[in-house]
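Heads up: the structure comes next, in structure tokens.
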Amino acid sequence: MLGAGSAPPTPSPSLPRPPPHVGLIWSPAMDPARPECPFQYLIETLNDNPEKKFYNIPKLGGTKYDTLPYSIRVLLETAVRNCDGFLVKKEDVMNILDWKTKQNNVEVPFYPARVLLQDFTGIPAMVDFAAMREAVKNLGGDPMKVHPACPTDLTVDHSLQIDFSKCAIQNAPNPGGGDLQRPLAKVSPLKVQPRKVPCRGQTGCKGPCDAGESSRNSGKFSAQIENTPILCPFHLQPVPEPETVLKNQEVEFGRNRERLQFFKWGSKVFRNVAVIPPGTGMAHQMNLEYLSRVVFEVKDFLYPDSVVGTDSHTTMVNGLGILGWGVGGIETEAVMLGMPVALTLPEVVGCELTGLASPLATSIDVVLSITKQLRQAGVAGKFVEFFGTGVSQLSVADRTTIANMCPEYGAILSFFPVDNVTLKHLKHTGFDKAKLEFMEAYLKAVKLFRNDQISSEEPEYTQIIQIDLSSITPYVSGPKRPQDRVAITNMKSDFQACLNEKIGFKGFQIAVEKQNDIVPVEYEGNEYRLSHGSVVIAAVISCTNNCNPSVMLAAGLLARKAIEAGLMVKPYIRTSLSPGSGMVTHYLSSSGVLPYLSKLGFEVVGYGCSTCVGNTAPLPEAIRNAIKQGDLVACGVLSGNKNFEGRLCDCVRANYLASPPLVVAYAIAGTVNIDFQTEPLGIDPNGKNIYLHDVWPTREELQQVEEEYVISSMFKELKEKIEKGNKRWNFLEAPESVLFPWDLKSTYIRCPSFFDKLAKEPISLQPIENAHVLLYLGDSVTTDHISPAGSIARNSAAAKYLTNKGLTPREFNSYGARRGNDAVMTRGTFANMKLLNKFIGKPAPKTVHFPSGQMLDVFEAAELYQKEGIPLVILAGKKYGLGNSRDWTAKGPFLLGVKAVIAESYEKIHKGHLIGIGIAPLQFLPGENANVLGLTGKEQFSISFPQELFPGITLDIKTNTGKVFRVIASFENDVETTIYKHGGILNYVARRFL
């Protein structure tokens with residue numbers, strides 16, 4: 001379910017700051033110390049209303065402006081409004097206006113209207129702010145001045161782990177390591193003890209359910225009265241919350257208490273910071289349903305809503321006509337402190353949509369079809385903007401689903417300009433009439449409102465891709481990559497072909513004589529038969545699909561029809577439903593389909609990424625043993641957007657992405673090795689074959705239910721829920737001091753050492769003398785190789801640190817949860833088991849400490865070097881820093897003592913991170929590398945920097961062997977060199993407060 005609220009109401013007592021930052025918004029353009037904007041002559045009033053001012057940007061460019069893509073027009077407006085002559089120059093404005101000739105050739109600044117953080121990537125930023133307050137105070141400044149410069153929302157959504165699933169609560173709480181369950185008695189390896197299953201997820205139910213009772217409750221259970229509590233469909237007994245939600249939330253609060261207390265402190269003391277508590281929803285979902293403004297109104301000024309976030313799926317908001325994308329933690333910190341995001345003026349690919357998709361093609365089918373075509377078209381690093389008659393056929397939910405997938409096809413963002421469909425949607429989601437009227441008037445005045453009827457007004461694009469929606473048929477993606485699409489009609493033959501193919505993206509290389517193997521397994525007193533293609537995980541989860549009510553309701557209606565036909569899901573299949581927000585639960589419940597999903601095993605397990613990021617509960621031991629015994633290609637089916645091999649479970653080799661109703665269908669079938677056109681899903685109690693078309697909801701059914709239940713009251717309830725918080729959050733104690741009271745015993749929150757050597761004024765650039773090489777790396781070193789992610793290995797340096805603090809492996813949690821502790825994160829840097837260091841010659845998180853000749857963990861070697869006062873450098877090949885943006889890919893090496901990286905080439909975002917933390921990105925001359933220059937990595941390197949450092953300057957590097965070679969200082973503009981001279985962006989902004 002998607003939408004956006006109007007400017008949210010006054011704060012409730014449970015939230016120390018109003019989430020929409022009413023009355024608290026500050027932007028860089030309001031800084032009285034900034035030079036006057038040279039474009040003030042463009043300021044006008046809207047409809048002669050002096051309280052509604054705006055920059056009339058079309059007057060700046062005339063007909064040239066009219067040809068700009070809508071997304072570029074938003075970039076232009078932010079540049080004009082924030083132009084100060086240094087961070088945003090008049091030349092930057094003119095470059096954006098001349099987009100047609102300057103695209104892909106110049107770098108421009110972007111000032112988003114707000115920042116969105118999720119807890120894993122948000123906690124380092126908040127810890128840095130807390131540490132910056134300490135630093136400013138220590139240098140005689142006023143720590144009360146340290147605040148984010150723009151509205152900042154932090155959602156606690158990445159902490160959720162599925163410790164409990166299904167109502168029997170088969171799994172014991174797992175605080176982050178160790179076995180999830182211990183058998184109560186010795187049983188056969190392929191058997192588990194039978195048990196009676198109570199009503200799934202309903203704490204109020206007394207005893208087991210009888211499937212035969214479902215027929216008496218086939219109607220809608222809570223449609224008559226708004227906010228009716230969830231009812232057990234088999235006993236009609238109201239229950240407050242599914243037991244699994246409450247238990248998972250309880251464990252989440254216990255596991256992450258220190259982090260949550262820190263977040264709550266931050267929401268109290270930092271202006272413009274609001275925290276969305278656990279159990280409310282996901283970052284990109286909350287962004288749509290509650291935080292989006294579409295048009296900002298601040299101190300009588302109107303301007304377009306825009307956002308950068310630390311979640312890669314921030315792009316979802318572009319479906320509402322709000323420009324936004326995901327960036328790294330260092331970039332968000334910069335924006336929070338009044339700095340712009342730098343980006344190369346992008347190419348804009350126009351995607352023309354025509355026609356209307358077939359009734360069986362859901363949004364996920366449209367998404368995956370567009371994903372494949374855009375990936376083939378090569379849109380990586382570009383904006384995508386949608387136009388054409390087919391756009392008006394897509395609901396806002398469809399648009400945001402498409403926009404959410406843009407990280408999968410490599411685009412920076414996928415933009416849908418505001419149009420009549422958008423306004424109609426906003427009206428249903430709580431925007432009042434007056435706001436909608438001035439919003440529409442403003443967007444039309446600055447030509448950011450798209451009229452589908454006038455094709456002559458379409459902008460010019462770098463290139464145009466045409467997609468006929470009517471040609472799209474239902475697909476799934478897999479078995480190992482999201483771009484490998486398989487038509488439902490070809491699913492069986494494709495899976496069988498995968499069994500035959502050599503091991504690869506589309507192959508498992510199963511011997512022909514083994515492809516029909518059957519492994520019997522006893523589970524809960526019944527015998528089942530597993531084979532290649534057997535479904536063992538089926539998850540309807542938050543990413544991509546839960547935002548769209550039509551596909552979620554389709555899953556629920558399919559479940560209802562299946563239950564009424566007497567079909568069930570086999571009990572050993574790990575089924576789960578993890579909505580993007582409570583609103584999804586609301587409309588599934590109020591439409592009467594949630595009990596049917598629960599009956600099939602798809603009960604709400606909580607609100608968070610869960611299975612999508614690999615946090616699924618382990619499979620039953622009997623099932624795992626059967627899979628291993630038969631060397632079976634077991635399958636997972638999920639409605640997410642990532643399905644890489646082993647992501648869900650190490651014994652599940654084939655993973656398919658599918659729409660929510662197809663996830664339910666494959667769970668009922670129990671296998672992906674099925675032809676839905678000719679083979680039944682199952683057999684009803686009378687022996688009749690039930691086919692997919694018998695239970696698939698029609699488009700008319702979906703539209704009727706969606707219109708009836710996806711209404712403005714749901715958005716109203718969501719806002720009330722956020723403002724009230726939840727009992728655990730409201731009663732969570734947190735300090736209110738100006739400075740955070742660091743607990744020296746804490747293993748979650750620690751004051752980092754970034755500011756330990758901070759002085760009021762930057763010192764002159766110091767040479768790097770006699771540096772040793774910490775690591776000698778090859779090509780395509782990714783952020784996964786560099787930055788801590790996932791679980792903490794028991795033999796790692798981080799594990800040793802936590803063990804010394806008195807923690808057991810079960811209490812380690814993950815690197816993501818401990819991003820607020822620099823001691824853990826530094827020890828985890830370069831701790832990836834797949835790291836290939838040429839000093840070692842095989843994958844291992846090891847290196848050589850050359851003064852002693854010892855082979856050590858990377859952290860242990862770096863620690864010795866620091867004790868000896870020896871600086872460090874890294875040698876690397878091409879494309880250093882590929883992958884997802886992560887701030888610790890720079891912070892970690894910095895705290896290890898790395899002063900420079902010398903590589904053949906860099907991933908652009910990561911290079912910006914290195915500069916932002918104070919590490920020099922040096923690049924070999926074209927055609928040269930360490931091997932060509934005859935470097936072994938055992939040398940010591942000395943590098944001198946001129947005081948007049950400028951972008952692209954060539955530097956000499958001398959080695960202790962007498963060799964001298966030249967490198968390029970890979971700074972791209974004066975802002976980057978200024979930040980590096982300050983020792984990184986954190987020091988730079990801290991000095992601004994002094």
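- Of all heavy-atom pairs between Pro148 and Asn272, the closest is O-ND2, 3.7 Å.
- Phe839 and Phe850 have perpendicular rings, their planes meeting at more than 60° on a 0 to 90° scale where under 30° would count as parallel.
- Remark: side-chain polar atoms of Thr315 are paired, donor with acceptor, to backbone N or O of Ala403 under 3.5 angstrom.
- With hydrogens and angles disregarded, a donor-acceptor distance shorter than 3.5 Å links the side chain of Gln866 to the backbone of Leu895.
- Relative ring orientation between Phe754 and Trp888 is described as tilted, the plane-to-plane angle lying within the 30° to 60° band.
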Run Leu774 and Val858 through side chain to side chain contact (heavy atoms under 4.5 Å, CB included) and show every step you take. CA-CA 8 Å; Leu774 178 64; Val858 174; 4.0 Å; yes
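- Leu882 CG to Tyr906 OH: the interatomic distance, rounded to the nearest 0.5 Å, is 13.0 Å.
- Shown here for His982 and Arg991, the closest heavy-atom pair between the two residues is O-NH1, 2.9 Å.
- Here the CZ-CG distance, from Phe110 to Leu343, works out to 8.0 Å after rounding to the nearest 0.5 Å.
- Val273 has its side chain out of reach of Phe129: every pair of non-hydrogen atoms, C-beta onward, lies at least 4.5 Å apart.
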Step by step, would you call Ile909 with His913 a side chain to side chain contact (heavy atoms under 4.5 Å, CB included)? CA-CA 6 Å; Ile909 292 177; His913 286 184; 3.7 Å; yes
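- Leu116 is not listed as a side-chain neighbour of Thr332, based on a closest heavy-atom distance of 4.5 Å or more.
- One N or O on the side chain of Glu976 and one on the backbone of Glu972 form a donor-acceptor pair closer than 3.5 Å.
- In this structure, CZ on Arg794 lies 12.5 Å from CG on Leu802, to the nearest 0.5 angstrom.
- Side-chain atoms of Phe859 and Phe830, non-hydrogen and from C-beta on, never get closer than 4.5 Å to each other.
- Of all non-hydrogen atoms in Gly381 and Ile412, the two that sit nearest each other are O-CD1, 3.4 Å.
- Taking NE2 of His910 as the reference point, atom OG1 of Thr783 lies at 8.5 Å (rounded to 0.5 Å).
- Here the side chains of Val773 and Leu935 are not in contact, with every heavy-atom distance at 4.5 Å or above.
- Between the side chain of Asn318 and the main chain of Gly324, a donor-acceptor pair closer than 3.5 Å is present.
- Residues Leu836 and Leu777 share a closest heavy-atom pair of O-CD2, 3.6 Å.
- Counting only N and O atoms by type, the side chains of Thr747 and Arg818 include a donor and acceptor under 3.5 Å apart.
- Sorted by first then second residue, the side-chain hydrogen bond (donor to acceptor under 3.5 Å, both in side chains) pairs that include residues 767-778, not counting sequence neighbours, number zero.
- For Tyr980 and Phe945, the ring centers are positioned less than 6.0 Å apart.
- Using a cutoff of 4.0 Å between basic side-chain nitrogens and carboxylate oxygens, Lys800 and Glu863 are not scored as salt-bridged.
- Gln940 contributes no side-chain N or O that, together with a main-chain N or O of Ala771, makes up a donor-acceptor pair within less than 3.5 Å.
- Looking only at distances, no side-chain donor or acceptor of Asn821 sits under 3.5 Å from a matching main-chain atom of Arg750.
- Considering every non-hydrogen atom in both Ser787 and Thr889, the closest pair reads CB-CG2, 3.2 Å.
- A donor-acceptor pair under 3.5 Å links the side-chain atoms of Thr152 to the main chain of Cys150, judged by distance alone.
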Under the criterion side chain to side chain contact (heavy atoms under 4.5 Å, CB included), I'd like the reasoning laid out for Leu323 against Thr78: C-alpha separation, chi angles, the key distance, then a yes or no. CA-CA 11 Å; Leu323 197 72; Thr78 65; over 6 Å; no
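- Residue Lys879 qualifies as open at atom NZ: its count of foreign heavy atoms under 6.0 Å is 12 or below.
- In this structure, CD1 on Ile915 lies 6.5 Å from OG on Ser970, to the nearest 0.5 angstrom.
- The side-chain contact (heavy atoms from CB on, under 4.5 Å) check on Glu347 picks up Gln103, Asn104, Lys382, Thr462, with sequence neighbours excluded.
- Residues Lys981 and Pro762 fail the side-chain proximity criterion, which asks for heavy atoms closer than 4.5 Å.
- By the 4.5 Å heavy-atom criterion applied to side chains, Phe941 and Thr959 are counted as neighbours.
- The closest donor-acceptor contact from the side chain of Ser746 to the backbone of Ile749 lies under 3.5 Å.
- Side chain of Asn832 to main chain of Lys834: a donor-acceptor pair is present (N/O by atom type, distance under 3.5 Å, no hydrogens or angles).
- The distance from the CG atom of Leu922 to the CD1 atom of Ile902 is 5.5 Å, given to the nearest 0.5 Å.
- Tyr801 is not listed as a side-chain neighbour of Ser796, based on a closest heavy-atom distance of 4.5 Å or more.
- Counting only heavy atoms from C-beta outward, the side chains of Val156 and Leu154 approach each other to under 4.5 Å.
- Scanning all heavy atoms of the two residues, the minimum distance from Pro752 to Asp128 falls at CG-OD1, 3.8 Å.
- Judged by distance alone, the side chain of Thr978 and the main-chain N or O of Asp974 form a donor-acceptor pair under 3.5 Å.
- Under the side chain to side chain donor-acceptor pair (under 3.5 Å) criterion, Tyr409 pairs with Ser414, sequence neighbours left out.
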Full working for side chain to side chain contact (heavy atoms under 4.5 Å, CB included) between Leu925 and Phe965: CA-CA 9 Å; Leu925 297 179; Phe965 62 97; over 6 Å; no
